[in-house]
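To start, the structure itself, in structure tokens.
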Amino acid sequence: WRDAGLRPTRQRVALAILLLAKPETRHVTAEQLFAEATAAGVPLSLATVYNTLHQFTAAGMVQPVVLQAGRNHFDTNTRPHQHVVQADGTIIDIPSDQVRLASLPPLPEGTTLERVDVVIRVRRASPGTDSRAP
């Protein structure tokens, strides 16, 4: 906690356990984590969950994944990677070495590249269609 610059409050610890204790990567919204906390009997508000997730993001414990305007998911996998989003909303990680970008547009003057996020959206293919076609 100290390395992340966070004080281990009861609520932060409870949310960290809910979010990070499972071995698999998770992609959760604040609302989903709030529902988990409520079901576990953790007394807190949705605003506390949002604030804590933003603190965890700043500390490098999770990273935001924006899949639609105004709705962030928080990803427990902080290593470089990309995402596939299925029609049902399930998010799957793709290792960055499996994605190749041929080129990027020129960056605005005075900026440096921080990272590139790729989101691939998929749905079930109709019979007889090429599953790779856009």
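These numbers come from the heavy atoms of this one structure, side chains and all, not from hydrogens, waters or symmetry mates. Since this is a predicted model, take the numbers as computed values, not measurements.
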Option from Thr57, Val28, Thr52 for which side chain to side chain contact (heavy atoms under 4.5 Å, CB included) with Val62 holds: Thr57

Donor-acceptor contact present, side-chain Gln32 to main-chain Thr29, <3.5 Å: yes

Joint cluster assignment, Leu113 & Val99, ILVMFWY side-chain distance < 4.5 Å: yes

Ile120-Leu101 co-clustered via ILVMFWY side chain contacts under 4.5 Å: yes

Pair Arg115-Gln63, side chain to side chain donor-acceptor pair (under 3.5 Å): steps then yes or no: CA-CA 12 Å; Arg115 72 182 205 203; Gln63 66 180 352; 3.0 Å; yes

Check: Arg26 side chain, Leu18 main-chain N or O, donor-acceptor pair, under 3.5 Å: yes

Arg124 CZ to Asp88 CG distance, which is reported to the nearest 0.5 Å: 9.0 Å

Distance (rounded to the nearest 0.5 Å) between Asn51 CG and Arg12 CZ: 9.5 Å

Connected via hydrophobic side-chain network under 4.5 Å: Ile91 and Val118: no

Co-membership, hydrophobic cluster, residues Val65 and Ile92, 4.5 Å side-chain: no

From CA spacing to verdict: side chain to side chain contact (heavy atoms under 4.5 Å, CB included), Val42, Leu15: CA-CA 9 Å; Val42 179; Leu15 290 174; 5.6 Å; no

Nearest-0.5 Å distance that lies between atom OG1 in Thr48 and atom CD in Gln55: 9.0 Å

All side chain to side chain donor-acceptor pair (under 3.5 Å) counterparts of Gln11, not counting sequence neighbours: none

With His81, the side chain to side chain contact (heavy atoms under 4.5 Å, CB included) member among Thr25, Asp75, Ile94: Asp75

Spatial distance of atom NE2 (His27) from atom CG (Asn77) [nearest 0.5 Å]: 6.5 Å

Atom of Leu44, atom of Ala37 and distance for their closest heavy-atom approach: CD1-CB, 4.0 Å

Atom pair NE2/CG of His73 and Leu53 - distance to nearest 0.5 Å: 11.5 Å

Working for side chain to side chain contact (heavy atoms under 4.5 Å, CB included), residues Leu6 and Phe56: CA-CA 9 Å; Leu6 297 173; Phe56 287 176; 3.7 Å; yes

Minimum side-chain heavy-atom gap His83-Asp93 below 4.5 Å: yes

Nearest non-hydrogen partners of Pro80 and Ser96, listed with the distance: C-OG, 3.2 Å

Test log, rule side chain to side chain contact (heavy atoms under 4.5 Å, CB included), inputs His54 and Phe74: CA-CA 9 Å; His54 290 294; Phe74 293 86; 4.1 Å; yes

Residue pair Ala30 / Val49: nearest heavy atoms and the distance that separates them: O-CG1, 3.5 Å

Verify same cluster id: Val66, Leu33 (apolar side-chain graph, 4.5 Å): no

